[in-house]
Each structure stands twice: as structure tokens, then as C-alpha cells.
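See structure below.
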Amino acid sequence: MNFENIIVSSENGIGQITINRPSKLNALNVATIRELHDAFQSLDENNETRVIIIIGEGEKAFVAGADISEFANYSIEEGAQLSQQGQELLFDFVENLKTPVIAAINGFALGGGLELAMSCHFRVASDNAKMGLPEVSLGVIPGYGGTQRLPQLVGKGRAMELIMTAGMIDAETAKNYGLVNHVVLQAELLEFTKSIATKIMRNSPAAIGKAIKAINDNYKDGVDGYKTEIKNFGKCFGTEDFKEGTTAFIEKRKAIFQGK
Ligand code: COA
């Protein structure tokens, strides 16, 4: 696939997506959102991809938000459509992938950038990272799931304050809030994130995909996550990965999972 705004690579089971508009601090325009959708879909469908890492090009930004220049003159209907299409194509899409997605936040993650990172299954930040949802300073609210995912991750009060003040927090504060799992030196961010990916890759992809769905269902209105857990727990017993995992344990060897 040829992309204009992102770079996609794959090595040893790790798919990497780099958002590549550094002159605009990797701001998310509609074209980039579509490219990201296509890249995530194709990596997720490829059984050789065990983990996906997303990062921004350069040392300054992960993503500094949705591209403000694109929507400055939108009408009410166009605004609602931008939000809905973006959520469907990218943010909800990423959250619900069966392949684990890790955001490597290498600088500013603002607005749509933080929303993208929050759609990923978890986050690692570099020590220079700055995060926030500054939308109300532009007269708009977060539209790519930020009002929902931020309180899920940091609690309602902190989310209210961050969104109302339009402020930024540094990486250590984000870690204290539970927004990111780890903070590392920028030069070590990618290698550190890959080392977590390598640990994930030792385990059953079939089971991981089912665990992601069960965890996500805890946050869905009208869906009983416990029921999903019961159903998916049962389904695991019909997978080749389960046979391989239990057999390998009994035979005292390392399991080799095929993700089936
Ligand atoms: N949309 C469109 N362009 C953006 C952008 C965004 N969200 N964020 C940064 N850019 C562009 C700037 O317009 C500038 O382009 P130019 O060189 O053609 O003028 C370029 O990226 C560099 O940004 P600049 O503002 O000069 O960098 P800085 O170091 O002075 O400030 C930020 C960095 C992140 C504080 C600042 O860019 C910013 O506040 N960006 C907007 C953040 C935001 O409100 N995001 C939420 C959007 S809903």
C-alpha cells in the first residue's frame, strides 16, 4: 500500500505505523485518518502481525491534534459528520482490533492525538511528552471519543479539570494519573515499547484477541462484560492455541502459538 501521510513497516511480528507530517506536528487531517484506517486494517488482518506500535515522526510530536485548518469553517452538520466518521474509521476501530495496539507517545499528544493514543490498548510515553485535550480553547469539545475515554482512564474529576482548563500534563503526571503505563527517555522509547511487544508475542494471539474484547465490553453501555468473558473463556477451549499452550506446559517446553 502507498501512503502519503504515514509510514508502515513490519519486522519480526511487530507492525509499526509512523504518522509522518512532522511539519504540521503530525496533525490528523481526514486523509491521514483514512490512511491510518487502511494501515490498521491490513496489519490486523495479517496473521503474522502480533503487535502494532503507533508513533509520530520526529522528536517533537506524537500528534498535535486534529488538523484545525481543515475544519475551521465547518457547519454544525459537517462538524457532527467529522466526529462520527473519525470515530468509526479510526478511534473505535483501533480500540476494537484483535491485535494489541500500543501508542508510543514521543512528544505532544493533544486533542485528536491524545484521543488516538487513548484508543490504543495502552500507552508508553517519552519523558518530553505533553498531553492534553485543548479543544475548549478553540470553542469546540473533544470529538474523537475524548470525553468518554479520558474519564475511563483517569477518573471523572481529573478528566473534567483537564478538559475544562484545556491544560497540558507532562509524562510523569500522566503516569501518576494512569493515562500512560511507562515513561522512558525519548531515545529509548521505541526499543522499550518493542520489548513490551516481544513479551506479548510469546502468548496466544487467539486468547489475547478474546481478552481485548472482554475488557472493552466492560465499558460498553448495555453489554455485560462478565458474559463476554464467560463466552470467550469457553471459546478458547476450541482453539489450537489452547491445545498448544496446555500441551507445551505439560511437556515443559515453550509454546509455539499460531493464533488459531
Ligand atoms: N492542526 C493544524 N496544524 C497544526 C496543529 C493542528 N492541530 N498543530 C500544529 N500545527 C502546525 C502549526 O500550524 C505550524 O504550522 P506552520 O509552520 O505551517 O505555521 C506547525 O504545525 C508547527 O506548530 P507551531 O505551533 O509553530 O509549534 P510550537 O512549538 O510553537 O507549538 C503546539 C506547539 C503543539 C503547542 C501548538 O502547535 C498547538 O497549540 N497546536 C494545536 C494544538 C491543539 O489545539 N490541538 C487540538 C486540535 S482539536
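Each ligand, and each atom within it, is numbered from 1 in the order the structure gives.
- For R158, the CZ atom counts as densely surrounded, since its 6.0 Å shell holds more than 12 non-hydrogen atoms of other residues, nucleotides or ligands.
- A donor-acceptor contact closer than 3.5 angstrom is absent between the side chains of E11 and S9.
- When each of V183, D127, V180 is checked for a side chain to side chain contact (heavy atoms under 4.5 Å, CB included) with E172, only V183 meets the rule.
- Counted by atom type alone, D44 and T99 present one or more donor-acceptor pairs between their side chains at under 3.5 Å.
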Protein N/O near ligand 1 N/O, under 3.5 Å, which pairs?
| unit_1 | atom_1 | unit_2 | atom_2 | d |
| --- | --- | --- | --- | --- |
| ligand 1 | 1 (N) | A66 | O | 3.4 |
| ligand 1 | 1 (N) | I68 | N | 3.0 |
| ligand 1 | 7 (N) | A64 | O | 3.0 |
| ligand 1 | 7 (N) | A66 | O | 2.9 |
| ligand 1 | 15 (O) | K24 | NZ | 3.4 |
| ligand 1 | 18 (O) | K24 | NZ | 2.5 |
| ligand 1 | 21 (O) | S23 | O | 3.4 |
| ligand 1 | 29 (O) | K60 | NZ | 2.6 |
| ligand 1 | 45 (N) | A64 | O | 3.1 |

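- Interatomic distance, T239 OG1 to Q258 CD, rounded to the nearest 0.5 Å: 12.0 Å.
- Residues I256 and E244 form a side-chain contact, since some pair of their non-hydrogen atoms from C-beta on lies under 4.5 Å apart.
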